[in-house]
There are 2 protein chains.
Amino acid sequence: MQKDVRQQKILGLIRSKRIGTQEELRAHLMRAGVAATQSSVSRDLEELGVVKHQGSYTLPQSRDGHSARGLLGLDMAGESLVVAKCESGMATAVAVEIDRAHVSEIIGTVAGDDTIFIAVNDRKAQRATVKKIWEIFK
Amino acid sequence: MQKDVRQQKILGLIRSKRIGTQEELRAHLMRAGVAATQSSVSRDLEELGVVKHQGSYTLPQSRDGHSARGLLGLDMAGESLVVAKCESGMATAVAVEIDRAHVSEIIGTVAGDDTIFIAVNDRKAQRATVKKIWEIFK
DNA sequence: AATGGTTATGCAAGAGGATTGCATAAGAGG
DNA sequence: CCTCTTATGCAATCCTCTTGCATAACCATT
């Protein structure tokens with residue numbers, strides 16, 4: 001499926017560049033090897049919750065460098081693990097918050113000092129989980 | 001879709017009756033107005049995490065909060081992880097007990113506060129592991 | 001090891017949703 | 001009103017999920 005890849009690229013693009021129109025975004029996607037029509041871009045922006053602010057697309061409540069309550073990043077490992085990187089010593093706190101959110105795809109979490117392992121069932125659940133956790137901490 | 005209804009009925013059935021084979025389960029489903037083949041039943045049981053224990057199907061989950069020495073339930077994630085849910089703070093103790101049992105399929109365990117990740121090789125080992133651990137604590 | 005009973009699974013078909021592009025409507029700013 | 005930009009109804013297409021069939025794998029017993 002093309003959609004997830006495209007949306008990820010879009011997020012990357014609007015974070016790194018000033019993008020003023022959907023056609024402009026579309027051109028960048030093209031150059032990145034992702035074909036898309038303006039229709040799709042429009043629908044993606046809607047889904048991602050991107051807003052146009054002062055003439056360019058941006059994520060609402062954009063993070064200004066400092067991490068969201070201890071969470072530094074999310075990665076996927078294999079097809080049934082999501083790995084969360086946290087600030088030193090914050091993993092447990094972050095894990096508690098994730099647990100409290102009751103993300104349905106999450107089967108279990110184990111926290112170390114600055115890393116959390118999150119068990120899920122498959123790639124699909126992985127994607128959904130990353131997305132949801134990111135929502136919690138954004 | 002038929003699937004959700006069928007799986008709910010299955011859960012109800014294995015909780016209320018002693019069911020020893022998938023054909024038996026299938027017959028009960030029929031009587032409840034849900035047609036199904038043995039293939040579907042097999043896949044449902046897999047998805048639901050149902051385990052055959054002492055000759056009858058059952059869920060590896062303690063219903064009544066009161067657990068078998070700290071173990072609340074077992075789940076499978078992907079094809080090489082078993083996730084054990086424990087009472088708060090009990091994960092390490094439960095893990096020690098699991099380790100002591102020397103379950104041959106278990107490659108390693110990591111315990112957090114109330115969750116244990118248990119690494120195994122494949123689906124088959126997963127099933128065997130859930131069964132064996134459940135038997136230890138039952 | 002063969003057998004009989006039970007359970008798992010590869011494959012292909014069908015059903016239902018999700019995704020997309022096109023055309024076009026709606027909106028925004030001059 | 002005109003142009004540029006964005007949103008959306010519709011239809012075609014693509015995918016994923018579900019299922020049954022056939023059969024393989026498994027397991028206990030002899």
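In this text the structure is predicted, and so the values were computed from the model without any measurement. Residue numbers start from 1 in every chain, and the chains themselves are labelled A, B, ... in the order their sequence lines are given, proteins ahead of strands.
- No side-chain heavy atom of A:Lys132 sits under 4.5 Å from any side-chain heavy atom of A:Ile106.
- As a whole-Å value, the separation of B:Gln126 CD from D:dC26 P is 16 Å.
- The CD-C1' distance, from B:Gln2 to C:dG14, rounds to 15 Å in whole Å.
- Side-chain polar atoms of B:Asp99 and B:Thr109 form a donor-acceptor pair below 3.5 angstrom.
- No more than 12 heavy atoms of other residues, nucleotides or ligands shown are found within 6.0 angstrom of NZ on B:Lys9.
- Comparing C:dT20, D:dC21, D:dT6 by their nearest atom to the side chain of A:Lys52 picks out D:dT6.
- Whole-Å rounding puts the A:Asn121 CG to D:dT16 P distance at 17 Å.
- A salt bridge links B:Arg6 with B:Asp44; the closest basic N to acidic carboxylate O contact falls under 4.0 Å.
- Taken residue by residue, residues 10-30 of chain B places no heavy atom nearer than 4.0 Å to DNA chain D.
- The overall bend of the helix from C:dA1-D:dT30 to C:dG30-D:dC1, read as the angle between its terminal helix axes built from five base pairs each, is 50° when rounded to 10 degrees.
- Using a 4.5 Å heavy-atom cutoff, the side chains of A:Val110 and B:Val83 are not in contact.
- Under the side-chain hydrogen bond (donor to acceptor under 3.5 Å, both in side chains) test applied with B:Gln38, the options B:Glu23, B:Gln22, B:Arg26, B:Arg43 reduce to a single match, B:Gln22.
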Worked verdict on A:Met76 versus A:Leu81 for side chain to side chain contact (heavy atoms under 4.5 Å, CB included): CA-CA 6 Å; A:Met76 306 194 287; A:Leu81 269 187; over 6 Å; no
Can you give me the N/O atom pairs linking the protein to nucleotides 8-13 of chain D at distances under 3.5 Å, or say none if there are none?
| unit_1 | atom_1 | unit_2 | atom_2 | d |
| --- | --- | --- | --- | --- |
| D:dT8 | O4 | A:Ser39 | OG | 3.1 |

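- As a whole-Å value, the separation of A:Tyr57 OH from D:dA7 C1' is 10 Å.
- Atom C1' of nucleotide D:dC14 and atom NZ of A:Lys3 are separated by 14 Å, given to the nearest angstrom.
- Looking at every heavy atom in both residues, A:Cys86 comes nearest to A:Ala91 through SG-CA, 3.9 Å.
- As rounded to whole Å, 14 Å separates atom C1' of C:dT7 from atom CG of B:Asp44.
- In this structure a side-chain-to-backbone donor-acceptor pair under 3.5 Å is present from B:Ser16 to B:Gly12.
- As a whole-Å value, the separation of B:Met76 CE from C:dA8 C1' is 13 Å.
- Spacing between atom CZ of B:Arg127 and atom P of C:dT6 amounts to 18 Å, rounded to whole angstrom units.
- Residues A:Leu59 and A:Arg15 have side chains in contact (heavy-atom distance under 4.5 Å, counting atoms from C-beta outward).
- Under 3.5 Å, the side chains of B:Ser88 and B:Asp113 contain a donor-acceptor pair of N or O atoms.
- Side-chain nitrogen and oxygen atoms of B:Lys124 include at least one within less than 4.0 Å of the OP1 or OP2 phosphate oxygen of D:dC26.
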